[in-house]
Number of protein chains: 2
Amino acid sequence: MGVTGSKAEHRISKILDAALEVFSHKGYRDSAVDDIATTSQTSKGGVYFHFPSKQAIFLALLDRMADLLLSRASKSMAAEPDWPKKGDAALATMLHTFADHRNLTRLFLVEALGAGREFNQKILEMHITFTALIKDYLDTGVVDGYIAPLETRIASIAWFGAVNEVVTRWVLDEEPGNLEDAYNPLRELLRRGIGL
Amino acid sequence: MGVTGSKAEHRISKILDAALEVFSHKGYRDSAVDDIATTSQTSKGGVYFHFPSKQAIFLALLDRMADLLLSRASKSMAAEPDWPKKGDAALATMLHTFADHRNLTRLFLVEALGAGREFNQKILEMHITFTALIKDYLDTGVVDGYIAPLETRIASIAWFGAVNEVVTRWVLDEEPGNLEDAYNPLRELLRRGIGL
DNA sequence: TAAAACCGACTGACATGTCGGTTTTATAGA
DNA sequence: TCTATAAAACCGACATGTCAGTCGGTTTTA
């Protein structure tokens, strides 16, 4: 074992990788815990030793993606000094991260929604987290005088939705193009939408 | 039986109503065909006489919603003579229709996505249908000189996504506010986004 | 009187989570 | 270093429950 991760953590990571593989390939409901066990080269008992339920595995996966996105976006925003460029950086980072993890993205944006009523709360939380980040950003822009006052609550939801849909279309497409090609037109649209 | 609808159509309609009730309450996967049969005051055999499978019932429901939205939106756009108002009318109609049919909306926007891989194609088709409508509208705006040329493909997807997210948030919210309150800020945002 | 519509018990398939038992790993004492 | 032993990790058959779809038979309609 390297510096990071005990044996258990390593195993958990392997199971999560397998779960991602299986879930993103067959969807949440059509995936059996046995599939995950087989793919992760362990057994059902082994999986259940580390996770209390199938649901918990899925939730862990969602958390993983949210953390990844959030930390990357925050970092790239922090690296930019002036306000408008922070937004550009976040958008670019998001698209880049999604493009790099199509499976995780599919899970995050597609499977999660219909996986079951149990997940609605979680998904809502995630959407709220992201839109809150955007809203903070927009509010700062207003306070600092970069943009005129506007309904930042709706605007942040709309921004999130716009990006969301572009990415979702790319995920659902059987022969997806290059997601990052959407960066420029999307950026333009979003900026103008808030009067930048 | 009234002017419209044979006995069979009436029955089918009853089953679809029941299916909507059940699906939107428990989600696609957690709903049993027996539930639909009971709710529609018929039997499983009766349901299977009119529909070949559970999946077909769901698909029929999605078609119903798409037709409803599309026809209403088209009608309200046709009723407005000048270009910018056509868009406003369509947005208002959409929000109004969603607000009026929260269950159908939940089915359309939330359940459908994760109901299973089998539905991805269908959903993609619907998204494409809607964005195509928006794209036509935007292209007309460009041709008629209302707005400067822009990437209407991405713009239409972003528009759709923005509306989609606002509505989805309202659907997922346990104590939803008034969806139509979003009309004004959303309209402003979308219009400005394309430079109107 | 035939066809259409409807009924509901039944089947087959499948999947989650459990549990008794086995293997591996960590630790401590001689 | 070697061994004893306890705890952690792992295994997979099975108990349990669920449900989509079927089918022989019944009722309604034309």
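Lettering of chains follows the sequences in order, A, B, ..., and the numbering in each one begins at 1.
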Original post:
Can you tell me how far C1' of D:dA20 sits from CZ of A:R29, to the nearest Å?
Top reply: 15 Å

Original post:
Taking atom C1' of C:dA4 as reference, at what distance in whole Å does atom NE2 of B:H10 sit?
Top reply: 18 Å

**OP:** Within residues 47-57 of chain A, find the residues that approach DNA chain D with a heavy atom at under 4.0 Å, and present them sorted by residue number.
**Re:** A:F49, A:H50

Subject >> B:K44 NZ - C:dC6 P separation (whole Å) >> reply: 17 Å

**OP:** Measure the distance from CD1 on A:I15 to C1' on D:dC11 and round it to the nearest whole Å.
**Re:** 13 Å

**OP:** Check whether any side-chain heavy atom of B:L16 sits under 4.5 Å from a side-chain heavy atom of B:L20, and report yes or no.
**Re:** no

Original post:
Just how far, in rounded Å, is C1' of D:dA15 from CG of A:D34?
Top reply: 15 Å

**OP:** Figure out the CG/P separation between A:D30 and C:dA13, and round it to whole Å.
**Re:** 17 Å

Original post:
B:S31 near the nucleic acid: base, sugar-phosphate alone, or nothing, with a heavy-atom cut-off under 4.0 Å?
Top reply: sugar-phosphate

**OP:** Using whole Å, report how far CD1 of A:I36 lies from P of D:dC10.
**Re:** 16 Å

Original post:
Hey, does the side chain of B:D144 reach the backbone of B:Y146 with a donor-acceptor pair shorter than 3.5 angstrom?
Top reply: no

**OP:** For DNA chain D, just give me the dot-bracket, please: Watson-Crick or G-U, both distances below 3.5 Å, ( ) intra-strand, [ ] crossing earlier pairs, | paired with another strand, . unpaired.
**Re:** ||||||||||||||||||||||||||||||

Subject >> Residue that, paired with A:E165, satisfies side chain to side chain contact (heavy atoms under 4.5 Å, CB included) out of B:I154, B:N164, B:V163 >> reply: B:N164

Original post:
Just wondering, do B:L68 and B:R64 contact through their side chains at under 4.5 Å, heavy atoms?
Top reply: no

Original post:
Counting only side-chain N and O atoms of B:R11, is one of them less than 4.0 Å from OP1 or OP2 of C:dC6?
Top reply: yes

Subject >> Over-ring placement of A:R102 relative to A:W170, 6.0 Å and 45° cut-offs >> reply: yes

**OP:** Considering only NZ, NE, NH1 and NH2 on the basic side and carboxylate oxygens on the acidic side, decide whether B:D139 and B:R153 come within less than 4.0 Å.
**Re:** no

Original post:
Only one of A:F108, A:F23, A:F51 forms a ring-ring contact (aromatic ring centres under 6.0 Å, His included) with A:F58, so which one is it?
Top reply: A:F23

Original post:
Taking only side-chain nitrogens and oxygens of A:T42, does any of them come within less than 4.0 Å of OP1 or OP2 of D:dA9?
Top reply: no

Subject >> hydrophobic_cluster_shared for B:I57 and B:F49, side chain cutoff 4.5 Å >> reply: no

**OP:** Give a yes or no answer on whether the side chain of A:K54 reaches the backbone of A:V33 with a donor-acceptor pair at less than 3.5 Å.
**Re:** no

Original post:
Rounded to the nearest Å, what distance is computed from the CD1 atom of residue B:I12 to the P atom of nucleotide C:dA5?
Top reply: 9 Å

